[in-house]
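See structure below.
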Amino acid sequence: MCKAKQLTRAEIVIIDGIRLGVIPDVVTYNTLIDAYCRFDSIDAGYSVFHRMREAGIDPDVVSYNSLMAGAARKCLLSRALDLFEEMLQSGIQPNIWSYNILMQCLFKLGKPDEANRVFQDVIISSLDPCPATFNIMINGLCKNGYTSNALMLFRNLQRRGFVPQIFTYNILINGLCKAGRMGAARRILGELRDSGHKPNAITYTTVMKCCFRCRYFDGGLEILSEMRSEGYTFDGFAYSTVLAALIKIGRIKESDEIVEQMQASGIEPDVVSYNTLINLYCKQRRFDDALKLLDEIEKSGLECDAYTHTIIIDGLCKAGNIDGARQHLNYMNTLGLGFNLVAFNCVLDALGKAGRIDQALKLFESMEVKDAFTYNILVHNLCKARRFLSASKLLMSCLKRGFKTLRSTQRAVLDGLRDSGYTNEARKLHSKIRLAQLLR
DNA sequence: TTAGGGTTAG
């Protein structure tokens, strides 16, 4: 039975109770508010909240915390802040959890200074901060780019007797990895092991992802096998991470092995796992297998998404079947998936690479949205077709729009202009490029 | 009630 139905049944039980003279109290209502916010919607939680008032029962701090947490979970951050205000105005004293949620919302809103002010207030108040309070602070600081401050807070807390939890270590390791501070991340990982905690699945996937991001693929694969030997169950997320990383660097044989392991582990693939597999088959030019997977997705009750079709389009382009790719692009439009910039960019590049530059230009004109990829692709292909003046004009309009241009794109145009005798044009373009760099 | 993570293009 789904959660919403279970909740409806829970309410029926309460109504039956009322008929029998059992009046629900604030705890019963709070349980329902929390469950509705968690498994249904914040509005459903609100509805219970109002009915509670109508029944003459006053909401308490737990009722407000449940609503605030529900709003924060759904990223309705200003709504959560309004609830905090409303609680204060109703004369209800917020507890440490109200402040925890408030800090979390302020961090998510990109207001670390305000979150820090709340934290300082908590510290000097009579409220007892709990481990989650510190974890929320460390995480919020990391997420807002204040990794050094997060590390400093961590050390200060340790000096004052705070014993970090696995949560704390994971938050910090993730923050340091994302900030590129690998040495510090490694030190904290060592401290985690020394503390007697065992790294958990989250620690492993965090570090593994970081290895892949730094292009340290063998290190990532080692973590994968260590994780397996430690008995951690792998899920679709971990497999897709590894698989996508291997495909990207062209280690196709190892990709096949991962697919076998994934299939043997009995994990039910979701759309993203299917998409990653389709990408692998496309890279191997196994289009029949890729199309079989499309059928399998539909049969399993899942729906192909924009990624699925874009991967197919790119695969067809890379295999030289541009007309097939264009057909699939049209088909994609009929599915109501909307305009997909990546798919258009793939076709644009394929047309250019195949020497069909006029068709590429026509496609470019027809595109309702363009990005840095679009411009760089076309500029490169115009250079390939030795149409350097057009390439230069396009590159300038790309710079004017504030899009990033690749150094290789700039070089292709400048060299081409000079080699073809357009030295004035080359000088003009060069100064425009330098100006754009200065303004960045 | 606080932590991580997956898919496409130059």
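This one's a predicted model, so the numbers in the text were calculated from it and none came from an experiment. Each chain gets a letter, A, B and so on, in the order the sequences are listed, and its residues count up from 1.
In summary, A:Lys353 and A:Asp349 engage in a salt bridge, as defined by a charged side-chain N under 4.0 Å from a carboxylate O.
Proximity of A:Lys318 to the phosphate of B:dA9: no side-chain N or O atom is located under 4.0 Å from OP1 or OP2. Distances shorter than 4.0 Å separate none of the side-chain N or O atoms of A:Lys370 from OP1 or OP2 on B:dG10.
Ring-base stacking between A:Tyr307 and B:dT8 is not satisfied when judged by a centre separation under 5.5 Å and a plane angle under 30°.
Between A:His309 and A:His328, the ring planes lie tilted relative to each other; the angle falls in the 30° to 60° range.
For A:Trp97, the listed nucleotide lying nearest its side chain is B:dT1; candidates were B:dG4, B:dA9, B:dT1. Which of B:dG6, B:dT8, B:dG4 sits closest to the side chain of A:Asn279 comes down to B:dT8. When distances are taken from the side chain of A:Val272 to each of B:dT7, B:dG10, B:dT8, the shortest belongs to B:dT7. Checking B:dG10, B:dG6, B:dT7 against every side-chain atom of A:Ile311, the shortest atom distance belongs to B:dT7. Among the nucleotides B:dT8, B:dA3, B:dG6, the one closest to the side chain of A:Ile202 is B:dA3. Comparing B:dT7, B:dG10, B:dT2 by their closest approach to the side chain of A:Lys353 singles out B:dG10. Comparing B:dT8, B:dG6, B:dT1 by their nearest atom to the side chain of A:Asp314 picks out B:dT8. With B:dA9, B:dA3, B:dT2 as the choices, the nucleotide that has an atom nearest any side-chain atom of A:Phe373 turns out to be B:dA9. The listed nucleotides are B:dG4, B:dT7, B:dT8; the one nearest the side chain of A:Asn275 is B:dT7. Nearest nucleotide to the A:Ile101 side chain, out of B:dG4, B:dT2, B:dT1: B:dT1.
Side-chain contact of A:Arg38 with A:Ser66: a donor-acceptor pair under 3.5 Å is absent, judged by distance alone.
Using a 4.0 Å heavy-atom criterion, one finds that A:Ala306 contacts no nucleic acid atom at all. Residue A:Ala372 is in base contact, counting any heavy-atom pair closer than 4.0 Å across all strands shown.
Scanning atom types as modelled, no donor and acceptor separated by under 3.5 angstrom connect the side chain of A:Thr206 and the base of B:dG4. Side-chain N/O atoms of A:Ser273 and base N/O atoms of B:dG6 include a donor-acceptor pair closer than 3.5 Å. Side-chain atoms of A:Asp270 and base atoms of B:dG6 include a donor and an acceptor less than 3.5 Å apart.
Contacts classified as side-chain hydrogen bond (donor to acceptor under 3.5 Å, both in side chains) and involving residues 245-257 of chain A (residues at least two apart or in different chains) are given here: A:Asp218-A:Arg251, A:Arg251-A:Glu254, A:Asp256-A:Gln284.
For the pair A:Asn100 CG and B:dA3 P, the interatomic distance rounds to 11 Å; values are reported in whole Å. Distance, A:Ile166 CD1 to B:dG4 C1': 11 Å, rounded to whole Å.
Looking at A:Ile188 and A:Phe154, their side chains come closer than 4.5 Å, going by heavy atoms from C-beta outward.
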